[in-house]
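Below, all heavy atoms of this structure are taken into account, side chains as well, without hydrogens, waters or symmetry copies.
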Amino acid sequence: MDQKPKDDFDFLEPSVLLDETHYQTGFKNGYSEGLVSGKEEGRQVGLKNGFRVGEELGFYQGCLDVWTSVVSIDQDAFSARVRKNIEQLAALLRSYPLSNPEDEQVQDIMEKIRLKFRIITASLGAKLEYQGRPTSSKQDVEDL
């Protein structure tokens, strides 16, 4: 029969609320700072990956330009099969969606380009492949 009145003050309640208030404040600050740093980090990763893709596509386009120049000078420099593969590589490079990197087919097209390039170089008996730009371990550490 000993009941507490409803207006009785719990002396621990401010301590519990203070902890929750600090938690919520910290969460809000961390979340907003995470958005800013996440966007910047995402931009840096996007630039780095975009540069790598552009560099690889440029390598394939440069090889294609050389091969098409040879074909335009001498039609019989390559077999009909190699010329057909060169035309197919040109079509694949034209179809790569440079202005729409979120296209779901980007990876598929890049794999087809790589495969077609390997077919052409194997047909020509050339040991040519895209190596990427040389990197040092020091640079890789700085990139992290």
- Apart from Leu47 itself, which Ile, Leu, Val, Met, Phe, Trp or Tyr residues share its cluster (side-chain heavy atoms under 4.5 Å, direct or through members)? none

Testing the basics here: between [X] and [Y], what is the closest heavy-atom pair and its distance to 0.1 Å?
X      : Y      : value
Pro97  : Val106 : CG-CG2, 3.7 Å
Ile109 : Ser95  : CD1-O, 3.8 Å
Leu98  : Leu57  : CD2-CD1, 3.7 Å

- Item | Side-chain donor-acceptor contact under 3.5 Å, Glu33 with Asn29 | no

- Query: Would Glu40 and Gln44 count as having a side-chain donor-acceptor pair, cut-off 3.5 Å?
  - Reply: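 Per modelled atom types, Glu40 and Gln44 side chains form a pair under 3.5 Å.
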
Any [X] side-chain heavy atom under 4.5 Å of [Y] side chain:
X      : Y      : value
Val82  : Trp67  : no
Asn85  : Lys116 : yes
Leu124 : Ile120 : yes
Lys112 : Gln88  : no
Arg118 : Leu115 : yes

- If you draw a 6.0 Å radius around CD in Gln24, do more than 12 non-hydrogen atoms from other residues or ligands fall strictly inside? yes

- Message: Could you go through Thr121 and Lys127, starting from their C-alpha distance and side-chain angles, then the distance that decides it, and tell me whether this counts as side-chain contact (heavy atoms from CB on, under 4.5 Å)?
- Response: CA-CA 7 Å; Thr121 55; Lys127 293 190 178 205; over 6 Å; no

- Non-neighbouring partners of Ser69 that pass side-chain contact (heavy atoms from CB on, under 4.5 Å), sequence neighbours left out: none

- Query: Cluster question for you: counting only ILVMFWY and a side-chain heavy-atom cut-off of under 4.5 Å, with indirect links fine, are Val70 and Ile119 together?
  - Reply: no

- Item | From Glu111 atom CD to Leu92 atom CG, the distance as rounded to the nearest 0.5 Å |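 One gets 12.0 Å once the value is rounded to the nearest 0.5 Å.
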
- Message: Taking ring pair (Phe, Tyr, Trp, His ring centres under 6.0 Å) as the definition, give me every residue that meets it alongside Tyr60, ordered by chain and number, with sequence neighbours left out.
- Response: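 So Tyr60 forms a ring pair (Phe, Tyr, Trp, His ring centres under 6.0 Å) with Phe117.
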
- Query: Quick check: does any side chain N or O of Arg83 sit under 3.5 Å from a backbone N or O of Gln75, one acting as donor and the other as acceptor?
  - Reply: yes

- Does Glu55 come within less than 4.0 Å of Arg52, counting only side-chain N to carboxylate O? no

